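Taking it in order: structure first as structure tokens, then the write-up.
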Amino acid sequence: MSVTDRHPLDPRGLIREAFVIEGIGVEDCRSIFFDWAMGLQPGIDPGDAARILAADYGAPDDHPMTKLLAEAQRQARGDRPSRRRAQRQVT
């Protein structure tokens with residue numbers, strides 16, 4: 001997909017633009033991602049949309065937006081990061 005084409009799941013080009021901004025950080029990507037997610041049409045699964053966009057845009061593995069799209073896919077599947085909890089010691 002060309003950089004100038006509009007993707008039906010990214011009609012405003014927010015995710016596409018995040019991939020071309022040099023030196024963009026995770027906080028900026030997070031803001032862009034949430035703006036994009038809030039604009040999704042009703043009935044579109046955000047996890048599926050994230051997966052499709054990552055594949056269609058050829059998202060580089062080390063880009064912060066790629067990591068956010070992957071996290072959206074995990075959240076949509078219900079996967080949660082495992083957290084180790086320290087046990088409380090009762091004295």
Side-chain angles (χ1 to χ4, degrees):
M1 172 168 281
S2 143
V3 175
T4 59
D5 291 341
R6 293 287 184 201
H7 195 288
L9 294 174
D10 185 23
R12 295 183 293 159
L14 296 173
I15 302 297
R16 177 182 45 88
E17 286 298 316
F19 284 117
V20 297
I21 297 173
E22 261 189 66
I24 193 167
V26 69
E27 292 302 320
D28 291 327
C29 283
R30 187 173 288 124
S31 177
I32 291 167
F33 175 84
F34 283 121
D35 188 15
W36 166 78
M38 295 298 292
L40 282 176
Q41 296 297 316
I44 295 176
D45 180 270
D48 287 342
R51 178 184 51 77
I52 292 166
L53 287 176
D56 288 354
Y57 285 152
D61 291 340
D62 61 342
H63 196 281
M65 184 57 80
T66 303
K67 294 173 184 173
L68 288 171
L69 292 172
E71 180 62 26
Q73 293 171 60
R74 284 191 294 277
Q75 291 291 325
R77 287 192 313 260
D79 297 349
R80 301 203 187 270
S82 62
R83 295 185 182 189
R84 290 182 55 184
R85 294 184 179 208
Q87 288 184 335
R88 282 191 167 166
Q89 293 183 348
V90 179
T91 55

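Everything numeric here is computed off the predicted structure, so don't read it as measured data.
Between L69 and I15 the shortest side-chain heavy-atom distance falls below 4.5 Å. When side chains are defined from C-beta on, H7 counts as touching Y57, because their heavy atoms get closer than 4.5 Å.
Contact between M65 and A18 at its shortest, heavy atoms only, is CE-CB, 3.5 Å. Closest approach of T66 to A59, counting heavy atoms only: OG1-CB, 3.2 Å.
Annotation: salt bridge (Lys or Arg N to Asp or Glu O under 4.0 Å) contacts involving residues 59-70, sequence neighbours excluded, are absent.
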Throw together a table of side-chain donor-acceptor distances under 3.5 angstrom for residues 37-53, partners on residues two or more places apart or in other chains.
{"residue": "D45", "atom": "OD1", "partner": "G47", "partner atom": "N", "Å": "3.0"}
{"residue": "D45", "atom": "OD1", "partner": "D48", "partner atom": "N", "Å": "2.7"}

Under 3.5 Å, sequence neighbours excluded: what are the donor-acceptor pairs made by side chains of residues 27-35?
{"residue": "E27", "atom": "OE1", "partner": "R30", "partner atom": "NH1", "Å": "3.4"}
{"residue": "E27", "atom": "OE2", "partner": "R30", "partner atom": "NH1", "Å": "2.8"}
{"residue": "D35", "atom": "OD1", "partner": "R12", "partner atom": "NH2", "Å": "3.4"}

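Both I21 and F19 are part of a single hydrophobic cluster, where members link through side-chain heavy atoms under 4.5 Å apart.
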